[in-house]
Amino acid sequence: MSFVELKAAVSLTLVFVFRMLGLFMVLPVLALFADDLQGASPSLIGVAIGAYGFSQAILQIPFGWLSDRWGRKPVILLGLFIFLLGSLLAAQATTIEGVIAGRILQGCGAIAGAVTALMADLTRDQHRTKAMAMIGMGIGLAFAIAMVLGPVVSDIWGMSGLFIANALMAVAAMLVIILLVPTPVIKRRDLNSSVDRQVLHQVFTNPELLRHIIGIFTLHFVLMALFIFIPELLSKDFDRSAHGGIYLAVLGLSFVMMIPLIIFSERQRLLKQCYSFSIVILFVAFALLYQGMLSATMLLAGLLIFFFGFNFLEATLPSLVSKLAPVGTRGTVMGGYSTSQFLGAALGGSLGGVAMEYGGVPAVIMLCTIPTALWCWLSVTMKQPPYVSTMVMALNPELGDVSSVGERLAGIDGVQEVTVLAAEKTAYLKVDKQVLNWSELRQFGQC
């Protein structure tokens, strides 16, 4: 990567990190501050936890389309400004309704599509996958930091201080966009970063893809629902000031446990089996969390097992969806995937709050069990996923007419799918790297 590309990748990853930190920091603490909010009830607390997901789900794809018409940076700055206003609204709220309104407004700054499109504008085809991977790692890091930082900030400055910190992060992200992110000279057509309305039907009628789109919905549904009661259970045996350390220990250990499973699943080509195993692990976590009502040890064990399964699935699902997406449609597929993820968060928080109000912890766990059981059945009955990687190739200018390049590329050992954009002299490939003829492939361009 050139200096400009590396600068763009790092700075745009920072934008994601700042914004996702703000959205996630509320998760481990909001239920603890319910007594300070007028009109709070378990149902409304659940809505507040997942409220940002409703607006994210609705506006995720439209914001990406707007960036095509108005420009990337203006739309991203608009989204961050909306997030800033939502944070300030929630910070001054004294009622649960005010916090819900602030969280909805925070989610209205749905800039993920615009940021990934800007990344496409600022990076060459052969380096774009690495740049997008940096964003993915940044989001995972933001979640882990938020789980630790949220309890620490709220313990010192309270709920209003937490949302003020969100506002400061929005300002920091806006400064990054203005001062650090390069301004693209042209908009590039990139099939892995944009949403094509014409192929949305193709995505949502693909049964193998739908399994994993339902999967990410369920995973975030469960996450938001469980955090209706987990902070309160922790508070029975641990001071609020200790929650950040507990989450740090649990998340750190779960990451250590997850990495060998990821390596094993890929090297041994047992991804389906490990995927189904991780969903079964969620049921074990539910049982332990249920016992956590009486035992702090069971609660901590339940958290550890849950995040072990959660982290593996959160890391594996985007890879699975990318492998299954028809070549050249990954941007559209990931747009639907993200929408499903945010919708799951919204409904998980809302329905989890209702279950908590009328049935307590057992009702919330039962609510989580139902979609997880469906997802488990879908995982057991799915086909073994293809062990392919998506590659973007900048075709050699010496090739001249590229009309026949697609057929020639498809004839190379290890190449399974090809889409060629003649005008951009770019090829999108799905390859099995274990059998790929690299020397023959490199004759056509640079990956």
Side-chain angles (χ1 to χ4, degrees), residues 57 60-61 113 116 129 132-133 136 191-222 261-262 264-283 309-345 347 370-392 410 414-419 428-436:
Q60 191 72 29
I61 293 175
T116 54
T129 300
M132 296 301 178
L191 299 179
N192 287 334
S193 303
S194 59
V195 175
D196 186 345
R197 282 167 283 190
Q198 296 179 348
V199 298
L200 277 174
H201 176 74
Q202 177 185 353
V203 169
F204 286 100
T205 54
N206 183 320
E208 291 302 311
L209 277 174
L210 276 176
R211 294 174 192 270
H212 307 305
I213 291 175
I214 292 171
I216 193 61
F217 171 92
T218 302
L219 191 62
H220 282 258
F221 180 99
V222 166
L261 186 61
I262 287 181
F264 174 79
S265 67
E266 287 290 343
R267 286 185 178 175
Q268 301 300 319
R269 299 205 164 189
L270 294 172
L271 186 54
K272 174 184 174 179
Q273 290 82 350
C274 293
Y275 179 76
S276 298
F277 168 74
S278 295
I279 299 174
V280 173
I281 280 289
L282 297 182
F283 291 112
F310 175 89
N311 289 332
F312 178 84
L313 293 165
E314 184 80 354
T316 302
L317 275 165
S319 174
L320 272 173
V321 169
S322 180
K323 289 173 192 250
L324 290 168
V327 67
T329 66
R330 195 173 69 188
T332 304
V333 170
M334 294 310 294
Y337 174 90
S338 297
T339 299
S340 181
Q341 174 182 332
F342 288 120
L343 187 59
L347 292 177
I370 295 170
T372 307
L374 170 63
W375 184 19
C376 188
W377 176 76
L378 290 174
S379 75
V380 171
T381 57
M382 77 181 189
K383 298 177 183 177
Q384 189 69 244
Y387 291 91
V388 295
S389 301
T390 301
M391 299 174 61
V392 183
V415 176
Q416 297 192 4
E417 288 186 51
V418 181
T419 293
Y428 291 80
L429 313 171
K430 278 194 174 182
V431 302
D432 184 338
K433 290 185 176 180
Q434 287 193 3
V435 298
L436 181 62

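Everything quoted here is computed from the prediction, not taken from an experiment.
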With heavy-atom distances below 4.5 Å as the criterion, would you say the side chains of [X] and [Y] are in contact?
X      : Y      : answer
Glu314 : Ile216 : yes
Leu374 : Thr218 : no
His212 : Met382 : yes
Val222 : Leu282 : no
Thr381 : Arg211 : yes

If I compare all heavy atoms of [X] with all of [Y], which pair ends up nearest, and what's the gap?
X      : Y      : value
Leu261 : Cys274 : CD1-SG, 3.7 Å
Ile262 : Ala315 : CD1-CB, 4.0 Å
Lys272 : Ser379 : CE-O, 3.6 Å
Glu266 : Leu271 : OE2-CD2, 4.1 Å
Phe342 : Ala57  : CB-N, 3.9 Å
Gln384 : Leu270 : OE1-C, 4.5 Å

Which distance, rounded to the nearest 0.5 Å, do you find between the [atom1] of [X] and the [atom2] of [Y]?
X      : Y      : atom1 : atom2 : answer
Phe277 : Cys376 : CZ    : SG    : 12.0 Å
Trp375 : Ile214 : CH2   : CD1   : 11.0 Å
Leu317 : Phe217 : CG    : CZ    : 14.0 Å
Leu219 : Ile279 : CG    : CD1   : 9.0 Å

When you measure from the side chain of [X] to the backbone N and O of [Y], does any donor-acceptor pair fall under 3.5 Å?
X      : Y      : answer
Ser340 : Tyr337 : no
Lys383 : Glu208 : no
Thr316 : Leu313 : no

